[in-house]
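Comments concern the structure below.
When a residue number appears, it is its place in the shown sequence, counting from 1. First listed ligand is number 1; within each ligand, the first listed atom is number 1.
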Amino acid sequence: MISIKSEREIKLMREAGILNYKTHEEIKKHLRAGITTKELDKIAYNFITSHNAVPSFLNYEGYPASICVSINDEVVHGIPGKRVIHDGDVVSIDIGVAIHGYHSDAARTYIVGEAPLEVKELVLNTEKALMEGISKVREGAKIGDISSAIEEYAHKHGLSVVEELVGHGVGTSIHEDPDVPNYGKAGTGVTLKAGMVIAIEPMLNLGDKEIYMLDDDWTICTDDGLPSAHFEHTVAVTKDGYKILTGEICDGEE
Ligand code: MF3
Ligand code: CO
């Protein structure tokens, strides 16, 4: 079942999205070589809870932390721990924030210090692939329009698309219908309606698309050990386009 949110619900989800954005900004301030992933998790937990909000991921299906921190060959769902971040690391930060029971989901990938050009391009082009996907969102468009835009952009830039993990609806649960794959055919799939809210989240690899899961039952890694990048926004469908609920704060919003 795909839920349609009222204007009031979209407002609440934007509130959650704004705090999600601010939490990302807070993490960005602290992200540098020498910090542990557990310290980043703690910063996010303290920031979110001090704003009377809830970290959506904490205890979600047993997930043991507030954010996911996935480094280099880790694609998504890296569990924060004692691991120290080093210069040249590709670090994906995924954050979920809930306010009044409404969730928001957003991810960014950073390079700490310097990295080879192809790695910089992996990160830049994954963010651009997300924006290509978002640009297709409006009432009447199909999920496949988003999927194919992401896939085409990725392939045009020599990147492979992780297929086992997909974007999703967002609302009173962090994961709702429909699935939003990062590959597919334009003109196919669910038709978007104003009031739907979806998380679009390309996971693109520098090498091959194949992945495996670590023994921790969460962390997803690339088979070939090459780096992966992940960007995600929670996006509301409107009559004539979209609103990025986890996007930067505009004039008139606090
Ligand atoms: N953004 C992640 C996703 O959609 C959220 C993961 S929830 C977690 O898959 F609990 F697994 F971290
Ligand atoms: Co998500």
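- At the shortest separation from atom 2 (C) of ligand 1 among protein heavy atoms lies D94 OD2, 3.2 Å.
- Between E139 and K193, none of the side-chain N atoms (NZ, or NE/NH1/NH2) sits under 4.0 Å from a carboxylate O, so this pair counts as no salt bridge.
- Per-residue contacts place H168 under 4.0 angstrom from the following atoms of ligand 1 (heavy atoms of the residue considered): 4 (O).
- Ion pairing between a basic and an acidic side chain is recognised when a charged N comes within 4.0 Å of a carboxylate O; K156 and E151 show no such pairing.
- Set against the non-hydrogen atoms of D105, the atoms of ligand 1 under 4.0 Å away are 1 (N), 2 (C), 4 (O).
- Side-chain polar atoms of D216 and H77 form no donor-acceptor pair below 3.5 angstrom.
- In this structure, a donor-acceptor pair under 3.5 Å is present between the side chains of T191 and K142.
- Ligand 1 lies out of reach of E61, whose nearest heavy atom is not under 4.0 Å from it.
- Its N, O or S atom nearest to the Co ion (ligand 2) is what matters here, and for H168 that atom is NE2.
- Between H77 and ligand 1, at least one N/O pair is under 3.5 Å apart.
- Annotation: atom 3 (C) of ligand 1 to nearest protein heavy atom, H175 NE2, 3.3 Å.
- Donor-acceptor pairing under 3.5 Å is lacking for the side chains of S160 and D208.
- Interface of W218 with ligand 1, defined as ligand atoms under 4.0 Å from a residue heavy atom, comprises 11 (F).
- When heavy-atom distances to ligand 1 are checked against a 4.0 Å cut-off, Y63 comes that close only through its side chain, counted from C-beta outward.
- Nearest N, O or S atom of E232 to the Co ion (ligand 2): atom OE2.
- With respect to K42 and E39, no salt bridge is recorded, no charged nitrogen being found less than 4.0 Å from a carboxylate O.
- Between K22 and E25 no salt bridge is recorded (no basic side-chain N to carboxylate O distance below 4.0 Å).
- Considering just the N/O/S atoms of D105, the one nearest the Co ion (ligand 2) carries the name OD2.
- A donor-acceptor contact closer than 3.5 angstrom links the side chains of H168 and E201.
- Defined by atom type and a distance below 3.5 Å, a donor-acceptor pair is missing between the side-chain atoms of Y183 and E163.
- Those atoms of ligand 1 with a heavy atom of E232 less than 4.0 angstrom away are 1 (N).
- Among protein heavy atoms, the minimum distance from atom 12 (F) of ligand 1 is reached at C68 SG, 3.2 Å.
- Minimum-distance N/O/S atom of E201 relative to the Co ion (ligand 2): OE2.
- Inclusion of H230 in the set of residues having an N or O under 3.5 Å from an N or O of ligand 1 is not warranted.
- Among all protein heavy atoms, the one lying closest to atom 7 (S) of ligand 1 is F57 CD2, 3.6 Å.
- Remark: E232 does not engage R108 in a salt bridge, criterion side-chain N to carboxylate O under 4.0 Å.
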